[in-house]
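Atoms within a ligand are numbered from 1 in the order they appear, just like the ligands themselves. Here the structure is a predicted model, which is why all the values come from computation and not from measurement.
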Amino acid sequence: MAMRPTHRHVLVVAGSDSSGGAGVARDVATLSHFGVPASLAITAVTAQTHAEVVSAQAVRASHVAAQMRAALAANPIGSIKLGMLATAEIVEAVAEVLTGFRAIPVVLDPVVASTSGARLLSGLGVESLCDKLLPLASLVTPNLPELAVLTGSNAARSEGEIETQAVRLIDRGPSNVLVKGGHARGRQSIDTFFTTGSPPRHFASPRRDATLRGTGCMLSSAIAAHLSLDLDVASAITRAKAFMDQQFAAAEQRVS
Ligand code: PLP
């Protein structure tokens, strides 16, 4: 009987955040929660508090590619999670490496800006991401502002507008899109999952009083963790959402 390789890693391609609120610190903590080891390619080193991005230094694109290639040579990689990519040069270098590893599922968290408003991917980077990375992604996880930027639209305000923009994104190549509803209003936070050939599927969670940083990083890493454990995309999202609900409930306990 063929043995499935054990301890497959998730390769995290993302930036660091000195406050620990977002970025690779969150990614690695999330993966270890699920017992999944991380391999790393750091794209940018940022100086941040919880209120602002003080400065950001992008890593040279060729060195990001070198980190990815070394990680892929060193460890069995079960899935790849892409977070902050900073520049068009890094986006292109990452895409070039990924074209050599098409069998590995890729979760793309299209990080454009921090909650505090600082730009984390340049305008040219957004264009390159649409051209080069969307076609290589198994799943893209935009929030409403990111979905608007990627589709050149205004932020969607209704289910119909979300669907129009998500379909426009799927037309650019990714097999699956999860639109995160955290930036919308209402008693529930509703994420919507789009996959070709099936109707949209909703994942609802109670809207919590607590705000939590790095939620996009955690959700995409939790999904990548479950893909590396061989779950299909929809099941990986279900597990990852349950994990996020626990994180929000714990944060709410801390503030009350
Ligand atoms: N800093 C880094 C390095 C990130 O990767 C991200 C999001 O992915 C952020 C900051 C933004 O996090 P937040 O919106 O919680 O500030």
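Enumerated by chain and number, the residues approaching ligand 1 to less than 4.0 Å through a heavy atom are Gly15, Ser16, Ala22, Gly23, Gln48, Met84, Val111, Ser114, Thr115, Leu120, Arg213, Gly214, Cys217.
Legend: ring pair (Phe, Tyr, Trp, His ring centres under 6.0 Å) pairs involving residues 193-234, not counting sequence neighbours, sorted by first then second residue: Phe34-His226.
Considering only residues two or more places apart in sequence or on other chains, His50 meets the ring-ring contact (aromatic ring centres under 6.0 Å, His included) condition with none of them. Residues meeting the side chain to side chain contact (heavy atoms under 4.5 Å, CB included) test with Ser16, sequence neighbours left out: Val24, Val45.
Arg26 and Gln247 share no side-chain donor-acceptor pair at under 3.5 Å.
Exactly one of Leu108, Ile170, Leu150, Ile162 qualifies for a side-chain contact (heavy atoms from CB on, under 4.5 Å) with Val177. That residue is Ile170.
Residues Thr115 and Arg213 fail the side-chain proximity criterion, which asks for heavy atoms closer than 4.5 Å.
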